[in-house]
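A quick write-up on the structure given underneath.
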Amino acid sequence: MSSNTARQKKPQKKASAKVRAANAADAPRVESYVQTSNLAPIYKFVQAVGKVTAGTLLGTTMLTSSVIAGGLVGLAISFRNLPDVRVLRNYIPAETSYVYDVKGVLLDSIHDEFNREVVDLDEVSPHLKRAVLAIEDSYFYQHHGINPTSVGRALLSNLEEGRTVEGGSTVTMQLIKNLFLTPERSLSRKIAEAVLALRLEQIFTKPQILEMYLNQVYWGHNNYGAQTAAQSYFRKPASQLNLAEAAMMAGLIQAPEEYSPFVDYQLAKRRQAIVLNRMLELKWITPQEAAAAKQQPIILGDITSFTTSRSPYITEAVEQELQTRFGRDAVLKGGMRVQTTIDLNMQNMAEQVVREGHRSLRRQGVRADQMALVAVDPRTHFVKAMVGGVDYQTSQFNRAIQALRQPGSAFKPFVYYAALASGKYTPESTVMDTPVSYPDGYETYRPQNYGGGFYGAMSFRAALEQSRNIPAVKLGQEVGINRVIEVCRTLGIKSPIEPVVSLPLGSVDLTPLEMAGSYATFASGGWQSDTTFIVRVTDSTGRVLLDNTPRPQLVLDPWAVASLNDIMQGVITRGTAQGADIGRPAAGKTGTTSAERDIWFVGYVPQLSVAVWVGNDNYSPVGQGATGGRYVAPIWRNFMLRALKDVPVENFQPPSAFIRP
């Protein structure tokens, strides 16, 4: 049923006598052709329109058959330019993609201008099917695509009223208009609808056409299709709509925003009553059912098409990963069902900890505007939580995956692992904390310890626990900077790395995600899978498009990584990160860059690896004397205590369980 307002039509001028005579001469031949061809239904259609139009506008009982025939000749010639409805055999409407957390909780929907979820016809309530047909096309199962009588009756009613009070389009014609034709209002467009509707009904069954229509029709507030509309208006799937809800929804089709119960509830109720009365008139419902539906309270849902994601940093990262794999159109229109790796409960904890931590830092005088947190499960390398900034509404830049920042001393474990894996060192091996210098281009590089001074001979364990710089630089030279870079690549770090002498002190730009993922491999004992936000992607029919089931591989030497874990536990119990003590076996490393531009703590237990970064987007210092151990380790501790509340305590495997290389 058309929702467009009829325009006032000007009186038509009579054709000249010469033209009328020529048309009259051609009429018998053309009328004979169309009566015996596949244009016969169109002929009847134009006759019905002609009778009403002529009777109203020209004061006669019908247009002359010559005028009808002349119009049909032109129409027959133009048929070759109409779309081929057979393309609908492979037609897939644009459909909304949905993003869920790892437990199936909806996080967000992704779509362009068409917010739609396609469902089968048997997934639509029988009440809604009957209500829609009652008000839009009650003869749907009797006609073959067009209903000339209805069109003629509708034209007469509309012309008499001077506005659109009744529509003549069948459901099939409406579907054709929505899929193929422009919104132009003209007799030629209406006839084109009729032609294509006839063709459509020759190819598809009635149930197939009704299914396409119910999935295609616009229901208001950016909702396309019955399923999405039902979820928005009533918070339930289309299959569960009762008679009252179905009648209200069917009443929206003529003018969805105008009749919307979100806009004018009383007007929506009046439209509902019109639909119910029509169903009663058709004897599709009983008087008792109609009365009960009119009295039944309607519990409305929400306008859902433009709601904000629950965790926008997450959903944007997921969308970016999907678009890289499948392309933008596939994500916005492909109806994907995306199960992410995110645990929404842990995500909420992370967001709260970041907000609280930022406020605490500001109270302590730390001049840091931003923070990022990433939590990765070492057993799967699934990202369980990610916060890209203090406030998404203020800044959408995702520092967890987009900000390349120097990790400072948090980089040192990569160097110590390379040394231990060489087979030449143990946690008790000695390294000298004494002055040293190296040629660096035209200058000489002389590394210094944070706070100055030298400790002389130190064990590996003590040097890393106290985060001494010179031992790390010396080890980097002994095992080779290129070997350290190889370790980073093995751990999944993809950011550019230059083989400079100062690399062991973190003179490289990495993301918090890369740091959390790398440390997760330490936490797992050297086993690694690709770090990801996505578990599984299917299309709307359940066909699997992407399966990220973990396939862990042992990429590190078990003894060397067990020895490193043993040393890094001491960083928390005796070293620079005592503020990270969570009362269970945990390992980690602080990170503080020169001039205090970046402060970090990255730590882990066997079940969870978490990186926390604090700094400013403009790289300004956060404050003199600000260190990762003093300010960031307590934030990490706060998150871990919440995230691990119901997680059993688990110990790291000791080096004695493995053979030394």
Enclosure of R551 CZ (heavy-atom neighbours >12, cutoff 6.0 Å): yes
Evaluate the side-chain hydrogen bond (donor to acceptor under 3.5 Å, both in side chains) criterion for residues E316 and Q320: first the C-alpha distance (whole Å), next the side-chain angles of each, then the deciding distance (0.1 Å), finally the verdict. CA-CA 6 Å; E316 285 196 2; Q320 179 181 332; over 6 Å; no
Answer whether the closest heavy-atom distance between the side chains of M386 and N398 falls below 4.5 Å. yes
Are E117 and R337 ion-paired here, with the side-chain N under 4.0 Å from a carboxylate O? yes
Examine distances only and state if a side-chain atom of T592 and a backbone atom of G628 form a donor-acceptor pair shorter than 3.5 Å. yes
Please check if the number of heavy atoms outside R362 that lie under 6.0 Å from its CZ is greater than 12. yes
Is it true that the side chains of Q347 and E351 contain a donor and an acceptor less than 3.5 Å apart? yes
Considering non-hydrogen atoms only, spot the tightest contact between T521 and V561 and give its length. O-CG2, 4.4 Å
Identify the residue among F460, Y455, F454 that makes a side chain to side chain contact (heavy atoms under 4.5 Å, CB included) with M458. Y455
side-chain hydrogen bond (donor to acceptor under 3.5 Å, both in side chains) with K474: of T434, N469, D433, only one passes, and it is T434
Please confirm whether the ring centroid of F639 lies under 6.0 Å from the ring centroid of F601. no
For the atom pair CH2 (W559) and OG (S656), what is the distance rounded to the nearest 0.5 Å? 11.5 Å
If you count the non-hydrogen atoms of other residues, nucleotides and ligands that lie under 6.0 Å from CZ in R630, is the total more than 12? no
Are the side chains of V390 and D369 in touch, meaning some heavy atoms are under 4.5 Å apart? no
What residue pairs, at least two apart or across chains, pass ring pair (Phe, Tyr, Trp, His ring centres under 6.0 Å) with a residue in residues 331-384? none
Can you check whether V487 reaches V484 side chain to side chain, under 4.5 Å on heavy atoms? no
Would you say S467 and T576 are linked by a side-chain donor-acceptor pair, where the criterion is simply a distance under 3.5 Å? no
Can you see whether Y619 has R405 sitting over its ring - NZ or CZ less than 6.0 Å from the centre and within 45° of the normal? yes
Flag for T532-D530: side-chain donor and acceptor within less than 3.5 Å: no
Salt bridge (charged side-chain N to carboxylate O under 4.0 Å, His left out) partners of residues 569-594, not counting sequence neighbours, each pair once: E465-R574
Given R483 and E486, is the salt bridge (charged side-chain N to carboxylate O under 4.0 Å, His left out) satisfied, shown in steps? CA-CA 5 Å; R483 172 58 184 149; E486 288 177 12; 3.4 Å; yes
Would you say the ring centers of Y417 and F414 fall short of 6.0 Å from each other? no
Are D101 and K103 ion-paired here, with the side-chain N under 4.0 Å from a carboxylate O? no
Does any non-hydrogen side-chain atom of Y416 lie less than 4.5 Å from one of P471? yes
Tell me which donor-acceptor pairs under 3.5 Å the side chains of residues 491-506 have, and how far apart each pair is, sequence neighbours excluded?
residue : atom : partner : partner atom : Å
S495    : OG   : E514    : OE1          : 2.8
S495    : OG   : E514    : OE2          : 3.0
S502    : OG   : S507    : OG           : 2.9

What one should report as the nearest heavy-atom pair of R399 and P512 is O-CD, 3.3 Å
We want to know whether E95 and S540 form a side-chain donor-acceptor pair, criterion being a heavy-atom distance below 3.5 angstrom. yes
Could you verify whether a donor N or O on one side chain and an acceptor N or O on the other, from E356 and S360, lie under 3.5 Å apart? no
Decide yes or no for V318 and I342: does some side-chain heavy atom of the first lie under 4.5 Å from some side-chain heavy atom of the second? no
